[in-house]
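Each residue takes its place number in the sequence, starting with 1. Given the structure is predicted, the values throughout are model-derived calculations rather than measurements. Below, each value reflects all heavy atoms present in this structure, side chains not excepted, and no hydrogens, waters or symmetry copies. Note that ligands are numbered from 1 as they come in the structure, with each ligand's atoms numbered from 1 the same way.
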Amino acid sequence: MFNKLYKSKYYPLVFQFFTLIVFILLTFGAIGTTTNDANFAKQLRNTNLSNLIVWSYWWPLIILTAIFFGRHWCSLCPVELISGITSRFGLKIKFPKYFKSGWIITIFYAFISIVAIHTFGINRVPRLMAFYLLSLMGLAILISFIFEKRAFCSYFCPVGKLLGLYSLLAPFGLRVKNQDICKTCKTKECISKKNNKRLIGRSCQSNLYPAKITDNRDCILCTQCVKACPNNNIRIQYIKKPFQSFDLNKLSLPEVGMISILIGFVSYEILTSWEFSESILLSLPNWLFGLFSFKNVPPKLFEAIILFLILPIIFLLSTAGLAKIIEGKSLSFYLKRIAGYLLPVIALGHAFKALLKMTSRIPYWQYALDKPKGLYYANKILTGEITISNFSWIELAVVLLGMLGLIISVVFSMKKLKHDTGLLKPNKIIFGLVVTLYYSLLLFGPISNNF
Ligand code: SF4
Ligand code: SF4
């Protein structure tokens, strides 16, 4: 049924126009609403309708769909639509080879999580969120105007890369049905230059050759090649054991860098959901901040640098370094492996937080729908005139589901680790312990709730 939809000339265009309208409405709903008060912002993020939708439902749903269904969000993304239109009229310069490594995306992601989200709170202040969305669209237009093909999606968009990594777990992906047909295919319409400008049935603008796709990281599921192929040889299909069959050597170092930031980011997201685990997590950055008495560094920036950058890098490097001492292969070999084995736990941890967010924000809908700007009710909640009561049974169900997801993720990693022929037994034990350690860290959040 879905493959019929993917062959349709209206897919994904119609959906992209719809998401573009939603994108514009959400941006305008957030544009004029702001505050400098951090406590007020904590309420405003949930009472402003745009902010509530973007950060507590839209973004969490994108994460969840990537893990279970692959990069379908990318095919519906309004930024891809606009950048695709812009690139038709742009300069079409080839993207420089030395910038294709992937480090731009990792650095951009580090900047967004450390500076934009953690330090400036673009997820809490609606006006900053609008500025962020508009900046992202503006950058996409600029890049697409200068460079050929889908340069923004391929070399700049951190959301796409994040979803690409998580979709390594998804049991669906775009593949060719029969490799032999591709071998004898003369015209290769799916990558033919003459189809570059077609509106429907374009050749791949992500520089992929469908016959060579073996994992979900880079294909944005735009389905243009599905429409272009005259032999009806491409489809989105069920993939048996996607993570088990993925070769971890294929991870690039920039992707390892991205996973490293995610290690810190996801632990922060989970552990700060409960007071006790939050106080334990923040004790180290707070102590270091006091110790060095930084005057010109914002405390939140310092906190994010320690938690999202320095600690995860130390964590990965020390594990890979120890494995290298034991077995002697290159450091990058072990970095890719340990980052890969941690990926399912990170992804399921992120999914856990996404579910927590979506359910804990249900009580805010009535206020956000009544006064979408959110200032009135944020004030009422802050002054105690309105109290927000959570559904404890839903929260309990989500916590149990999240913990189950984390257990399954560890089983995934352990199964793959067991069959890893590239590692000696002592290193398998070390990597198994490291994955268990990270899993236990995430689990400490909900368990500490009883302390
Ligand atoms: S995917 Fe289709 S168009 Fe592309 S090489 Fe294979 S048969 Fe030819
Ligand atoms: S391989 Fe096909 S579906 Fe994937 S990005 Fe390229 S054209 Fe789109």
Assign the ring pair [X] / [Y] to parallel, tilted or perpendicular, where the plane angle (0 to 90°) is split at 30° and 60°.
{"X": "Phe352", "Y": "Trp274", "value": "tilted"}
{"X": "Tyr334", "Y": "Phe431", "value": "perpendicular"}
{"X": "Tyr155", "Y": "Phe95", "value": "parallel"}

Exercise. With a 4.5 Å heavy-atom cut-off, do Pro60 and Leu356 have their side chains touching?
Worked result: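 Counting from C-beta outward, Pro60 and Leu356 never come under 4.5 Å.
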
Exercise. Do Tyr439 and Ile407 touch side chain to side chain, with heavy atoms closer than 4.5 Å?
Worked result: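 Yes, at least one pair of side-chain atoms sits under 4.5 Å.
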
Exercise. Which protein N, O or S atoms lie under 2.8 Å from atom 8 (Fe) of ligand 2?
Worked result: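 Less than 2.8 Å away from atom 8 (Fe) of ligand 2 sit Cys222 SG.
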
Polar side chain donor-acceptor pair, [X] to [Y], under 3.5 angstrom:
{"X": "Tyr341", "Y": "Asp420", "value": "yes"}
{"X": "Asn196", "Y": "Gln205", "value": "yes"}
{"X": "Asn207", "Y": "Arg150", "value": "no"}
{"X": "Glu303", "Y": "His118", "value": "yes"}

Problem set entry | Residue part near ligand 1, for Ile191, under 4.0 Å between non-hydrogen atoms |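 Neither; nothing of Ile191 gets under 4.0 Å from ligand 1.
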
For this session: Please write down residue, atom name and distance for the protein heavy atom closest to atom 5 (S) of ligand 1.
Result: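 Heavy-atom neighbour on the protein nearest atom 5 (S) of ligand 1: Tyr209 OH, 3.6 Å.
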
Exercise. To which protein heavy atom is atom 1 (S) of ligand 2 closest, and what is the distance rounded to 0.1 Å?
Worked result: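 Residue, atom and distance for the closest contact: Ile213 CD1, 3.7 Å.
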
For this session: Check the pair Lys336 / Lys250 against side-chain contact (heavy atoms from CB on, under 4.5 Å), numbers first and verdict last.
Result: CA-CA 8 Å; Lys336 288 175 188 184; Lys250 283 191 192 165; over 6 Å; no

Problem set entry | Proximal protein heteroatoms (N, O or S) of atom 8 (Fe) of ligand 1, under 2.8 Å |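 Cys185 SG, with waters left out.
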
Exercise. At the 4.0 Å heavy-atom cut-off, does Arg202 count as touching ligand 2?
Worked result: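 No, that is not the case, since the closest heavy atom of the residue is not under 4.0 Å from the ligand.
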
Problem set entry | Atoms in ligand 1 flagged as close to Ile234, the criterion being non-hydrogen separation under 4.0 Å |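 Ligand 1 atoms under the 4.0 Å threshold to Ile234: 1 (S).
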
Exercise. Where on Glu80 is there a heavy atom closer than 4.0 Å to ligand 2, on the side chain, on the backbone, on both, or on neither?
Worked result: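 Looking at Glu80 and ligand 2, no heavy atom falls under 4.0 Å.
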
Problem set entry | Residues in side-chain contact (heavy atoms from CB on, under 4.5 Å) contact with Phe15, at least two apart in sequence or another chain |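 Scan of Phe15 (side-chain contact (heavy atoms from CB on, under 4.5 Å), adjacent residues dropped) gives Tyr11, Leu76.
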
Exercise. What residues form a salt bridge (Lys or Arg N to Asp or Glu O under 4.0 Å) with Glu278, not counting sequence neighbours?
Worked result: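 With sequence neighbours excluded, Glu278 shows a salt bridge (Lys or Arg N to Asp or Glu O under 4.0 Å) to no residue whatsoever.
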
For this session: Considering the heavy atoms of Arg150, write down every atom of ligand 2 situated less than 4.0 Å from one of them.
Result: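 Near Arg150, the atoms of ligand 2 are 5 (S).
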
Problem set entry | Trace of the side-chain hydrogen bond (donor to acceptor under 3.5 Å, both in side chains) decision for Arg175 with Asn216 | CA-CA 9 Å; Arg175 305 287 188 273; Asn216 291 345; 3.1 Å; yes

